[in-house]
Amino acid sequence: MKYWLMKSEPDVFSIDHLKIKNKSGWDGVRNYQARNFMRDEMKKGDMVLFYHSSCEEPGVAGLARISKESHPDPTQFDKKSDYYDPKATLENPRWFMVEVEFVEKFDKLISLATIKSVKELSGMPLVQKGSRLSINPVSEKEFSLISTL
DNA sequence: GCCAACGTTGGC
DNA sequence: GCCAACGTTGGC
């Protein structure tokens with residue numbers, strides 16, 4: 001089993017949205033590295049740190065789990081969608097997504113500031129300067145440490 | 001709103 | 001294939 005960190009802007013899609021929906025496709029990713037993680041490496045049952053970005057207090061808000069492996073992101077074919085990609089075709093889709101299911105919302109958000117203050121977490125891409133990839137692999141140690149903070 | 005860092009595009 | 005220009009991310 002693998003562990004991941006996935007960023008989302010809570011104004012657009014937060015842990016609360018996921019809690020209400022229970023399951024949701026992780027659509028709208030338009031970065032090749034992030035896509036490749038979803039398409040090639042994420043497996044059903046993998047655990048996810050749900051991270052809130054670009055908001056008042058950025059940090060890990062809870063846990064999710066991969067409930068369906070890679071399949072084409074339908075928003076790439078939708079002309080009305082912000083994520084529409086004219087170069088993608090049904091025969092040759094360019095963007096893929098996974099489905100995630102709600103696991104838990106933390107009682108207290110684990111803020112980026114907190115994560116930065118923990119020495120054992122200093123290797124995470126999240127705390128590296130200039131790292132802005134929306135999906136990152138996380139080690140088992142990092143995952144379990146964060147989920148116990 | 002600013003800005004550093006990084007990714008993507010497109011001309012050559 | 002290089003690289004300048006441009007766009008986006010995301011913390012502050």
Side-chain angles (χ1 to χ4, degrees), chain A residues 2-21 24-42 46-66 69-139 141-149:
Chain A
K2 290 194 174 130
Y3 302 90
W4 305 93
L5 180 139
M6 297 174 89
K7 297 182 190 173
S8 182
E9 297 186 20
D11 296 342
V12 181
F13 191 77
S14 72
I15 189 86
D16 294 313
H17 292 122
L18 183 62
K19 186 174 184 179
I20 291 163
K21 286 182 71 178
S24 176
W26 201 269
D27 62 13
V29 172
R30 294 295 178 267
N31 169 283
Y32 290 105
Q33 253 184 294
R35 177 203 67 182
N36 293 348
F37 281 138
M38 290 200 289
R39 189 188 59 187
D40 306 331
E41 298 200 41
M42 282 185 169
D46 285 1
M47 294 299 293
V48 174
L49 299 168
F50 194 119
Y51 181 85
H52 286 174
S53 67
S54 294
C55 56
E56 202 141 309
E57 191 168 29
V60 177
L63 301 180
R65 187 189 296 117
I66 305 299
E69 290 172 20
S70 168
H71 51 291
D73 178 346
T75 61
Q76 69 192 303
F77 310 122
D78 179 1
K79 285 198 170 131
K80 281 173 283 182
S81 168
D82 287 344
Y83 304 122
Y84 175 65
D85 183 346
K87 291 181 184 157
T89 62
L90 280 170
E91 298 74 34
N92 202 2
R94 176 181 289 211
W95 303 110
F96 293 81
M97 63 178 198
V98 295
E99 182 191 75
V100 300
E101 66 181 334
F102 178 80
V103 175
E104 73 167 290
K105 179 186 179 179
F106 293 151
D107 294 334
K108 219 179 146 205
L109 177 128
I110 298 157
S111 71
L112 179 60
T114 302
I115 293 170
K116 279 182 172 169
S117 73
V118 178
K119 201 179 268 176
E120 290 84 348
L121 299 175
S122 61
M124 294 183 73
L126 185 69
V127 301
Q128 310 300 319
K129 198 177 177 184
S131 148
R132 35 177 223 171
L133 197 56
S134 64
I135 299 178
N136 285 297
V138 172
S139 76
K141 272 188 182 163
E142 290 160 350
F143 179 87
S144 49
L145 181 51
I146 287 181
S147 30
T148 55
L149 278 178

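Letters A, B, ... mirror the listed sequences (proteins, then strands); counts begin at 1.
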Atom OH of A:Tyr32 and atom P of C:dT8: how far apart are they, to the nearest Å? 14 Å
From NZ of A:Lys87 over to C1' of B:dT9, roughly how many Å is that when rounded to an integer? 8 Å
Calculate the interatomic distance between A:Glu56 atom CD and C:dG11 atom C1'; express it in whole Å. 13 Å
If you only use heavy atoms from C-beta on, which nucleotide in B:dA5, B:dT8, B:dG7 is closest to the side chain of A:Lys129? B:dA5
In whole angstrom, give the distance that lies between atom CG of A:Asn31 and atom P of C:dG7. 18 Å
May I ask you to evaluate whether A:Tyr51 reaches the phosphate of C:dT9, defined as a side-chain N or O under 4.0 Å from OP1 or OP2? no
Judged by atom type as modelled, is there a donor-acceptor pair below 3.5 Å linking the side chain of A:Gln76 to the main-chain atoms of A:Arg94? yes
For the aromatic rings, using the six-membered ring if either is Trp, is the centroid distance between A:Trp95 and A:Tyr84 under 6.0 Å? no
Would you check, one step at a time, whether the test side chain to side chain donor-acceptor pair (under 3.5 Å) holds for A:Trp4 with A:Asn136? CA-CA 6 Å; A:Trp4 305 93; A:Asn136 285 297; over 6 Å; no
Just checking A:Glu9: base, sugar-phosphate only, or nothing, at a heavy-atom cut-off of under 4.0 Å? nothing
C:dT9 C1' sits how many Å from A:Asp11 CG, rounded? 15 Å
Rounded to the nearest Å, what distance is computed from the CZ atom of residue A:Arg132 to the P atom of nucleotide C:dG7? 14 Å
A:Asn136 CG - C:dG10 C1' separation (whole Å): 13 Å
Would you check, one step at a time, whether the test side chain to side chain donor-acceptor pair (under 3.5 Å) holds for A:Arg35 with A:Ser70? CA-CA 9 Å; A:Arg35 177 203 67 182; A:Ser70 168; over 6 Å; no
Below the 4.0 Å mark, does C:dT9 have OP1 or OP2 next to a side-chain nitrogen or oxygen of A:Lys7? no
Using the side-chain heavy atoms of A:Pro58, tell me which of these nucleotides is nearest: C:dG10, B:dG7, C:dG11. C:dG11
Figure out the CG/P separation between A:Leu133 and C:dT8, and round it to whole Å. 17 Å
